[in-house]
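Just so we're on the same page: letters track the sequence lines, and every chain starts at 1.
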Amino acid sequence: MPNGIAAVESDLFESLRMELRRGCLTLAVLSELRTERYGYTLRKALEAAGLAIDEGTLYPLLRRLESQGLLCSEWREENKRRKRFYRLLPAGERIFEHLSGELRRINASLNRLIAEAS
Amino acid sequence: MTTLLDRYLNAIRASLPKARAGDITAEIADELQSQMDERQGTLGRLLTSDEEAAIIKAYGHPAVVAARYGSVQYLIGPELLPLYWFALRWTAVVVIAIELIAGAAASLATRDGIVFFGALGTAWRSLLWIFAIVTVVFAIAERAPRRDDSRVGPFSLRWDPRRLPPPGIVSPQPRGSTLIEFIANFMMLLVLLDAGGAQRIPLDRIIAAALAAMHASLTPAWHGAYIATIAATAVLAISAIATFVQPRLATLHEGVRGLTSLVVIAGIGLTLTAGPLFAPAGNTLNTPVVAALAIAIVILAAQALASLRALLRIASHRSVTLPAR
């Protein structure tokens, strides 16, 4: 494949990959926040789970989820430093359950489609 | 002592809405501090200033970081937003400056001050066009495919956290105020110089008429204050527009404010010591106007002192915190 076309496809792939990841990251954040965490440990936990998210994406996302009433946060001191701890609210837990069910259904359908195609 | 992290947070804070700035920067501080702690733990020693700067730089340019906390639905995203504002500002300043200069030249050539005000109207229309064209160009660029969505913004590659100003140095005044300051001083200058040249902005006639009603006229003693005010207004206009284009000049602009206040004080001083301000001598206007000029001196001295204090504060920050490069 000529280099020019490969570069265009690579750009397109990146753009589609980011689009695919975006929704999954929200679900991953909701999942991890069933246990109370602060930003840094949340990011590390996601990274360890293979879903690395950069800080510039994570913190604005946390704020958005909080403003949507899915999370709550609280400033507390830990190891002589003030940290902002996040955890899911009941509405966030319900949304998480619905979304993870939806993801399982989508995954099952996609797996069937991909298996048929290959 | 101000650290690199303080400078960085301060630069981010400057671009955030005041209500949320403290909360957001506190969280960013915690994240960066955690990253630094982890790195220190790995290395088993304190980080060097270069290592701290690398962690901060990896977090992203302050303007880009701040822009990420904006609205989710955007026409121009956080990576391009700083460049968008930069392009919009520069294009607007260059085009408007050309139009105003052309308007002033036409006004002088035709000896009609109204021509200049016509140019002001054209400049407003140009501003709208510039806004529309630059926005469309950036909105298209925003939607063009990119290799990834990480820190590839044009501001992200060539900035250095060590060159960020310490807290208190990022211009405390909103960007728009320097533009307003420029326009006000520019207009004032035109009025003082009577740019139309044909008494279309008849400041001297208005003053002369008012004085004539009181059977008085200005004496040459006013030359000192008049020339000093013209010089100060011109310098302030240039300094304000330069600061609007390049906010890093905020410190210099503060110094210019202080100096121009001193120049006008000197001019008023010359006027007050040059003899009676109004003819005929013994006119009743002399006493209240001398009192008004004395009050003006006090106000200008306060402005000069405020500028000096701001400059001293900046100097003390710099002497303590600027890293050796």
Side-chain angles (χ1 to χ4, degrees), chain A residues 3-26 37-48 52-68 70-86, chain B residues 5 8-9 12 15-17 19-42 55-74 77-79 81-82 142-153 155-156:
Chain A
N3 281 343
I5 294 175
V8 169
E9 283 190 0
S10 165
D11 286 345
L12 189 58
F13 170 73
E14 269 310 305
S15 160
L16 292 171
R17 190 178 72 87
M18 298 311 300
E19 207 172 301
L20 189 64
R21 257 173 67 89
R22 207 162 289 138
C24 295
L25 285 175
T26 305
R37 291 174 191 278
Y38 69 92
Y40 184 72
T41 52
L42 170 61
R43 203 165 60 73
K44 287 287 165 189
L46 290 170
E47 197 178 303
I53 178 169
D54 75 70
E55 316 88 333
T57 306
L58 177 64
Y59 291 105
L61 172 63
L62 288 171
R63 268 158 205 282
R64 243 182 349 262
L65 294 173
E66 189 176 15
S67 70
Q68 288 165 345
L70 304 182
L71 307 178
C72 65
S73 68
E74 183 190 7
W75 282 100
R76 277 206 311 272
E77 199 168 295
E78 191 187 86
N79 297 333
K80 293 180 182 174
R81 258 218 322 270
R82 287 185 75 232
K83 297 175 189 304
R84 186 177 192 154
F85 288 85
Y86 293 91
Chain B
L5 185 56
Y8 182 64
L9 297 173
I12 296 173
S15 305
L16 288 171
R20 297 192 300 150
D23 198 45
I24 290 172
T25 50
E27 192 163 50
I28 294 171
D30 179 45
E31 166 69 34
L32 284 170
Q33 199 60 63
S34 298
Q35 288 188 25
M36 289 177 189
D37 289 350
E38 187 186 272
R39 184 98 178 105
Q40 274 179 191
T42 309
I55 290 173
I56 290 172
K57 186 168 182 179
Y59 202 86
H61 188 283
V64 174
V65 173
R68 287 196 176 114
Y69 287 88
S71 167
V72 185
Q73 300 293 327
Y74 44 69
E79 299 292 338
L81 195 63
E142 177 64 37
R143 276 140 192 86
R146 270 180 282 170
R147 216 160 262 280
D148 61 57
D149 75 346
S150 62
R151 296 148 180 134
V152 293
F155 281 75
S156 306

Legend entry - Among A:Arg84, A:Lys83, A:Arg81, residue most engaged with chain B (heavy-atom pairs, under 4.5 Å):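 Ranked by heavy-atom pairs under 4.5 Å with chain B, first place is A:Arg81.
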Legend entry - chain A contact via B:Ile24 - which portion, at a heavy-atom distance below 4.5 Å: both
Inset, instruction - Could you look at B:Ala29 and say if it's the side chain, the backbone, both or neither that has a heavy atom under 4.5 Å from chain A? - result: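 For B:Ala29, there is no contact with chain A at all, as no heavy atom is under 4.5 Å.
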Legend entry - salt bridge (Lys or Arg N to Asp or Glu O under 4.0 Å) against A:Glu78, all qualifying residues, sequence neighbours excluded: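 A:Glu78: no salt bridge (Lys or Arg N to Asp or Glu O under 4.0 Å) contacts found.
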Inset, instruction - List for me each residue that meets salt bridge (Lys or Arg N to Asp or Glu O under 4.0 Å) alongside A:Arg82, sequence neighbours excluded, and say none if there are none. - result: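 So A:Arg82 forms no salt bridge (Lys or Arg N to Asp or Glu O under 4.0 Å) with any residue.
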Inset, instruction - For B:Gln35 and B:Tyr59, test the side chains for any donor-to-acceptor distance below 3.5 angstrom and give the result as yes or no. - result: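 No, no side-chain donor-acceptor contact under 3.5 Å.
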Inset, instruction - Determine whether the side chains of B:Glu27 and A:Tyr59 contain a donor N or O and an acceptor N or O closer than 3.5 Å. - result: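 Note: B:Glu27 and A:Tyr59 side chains miss the donor-acceptor criterion.
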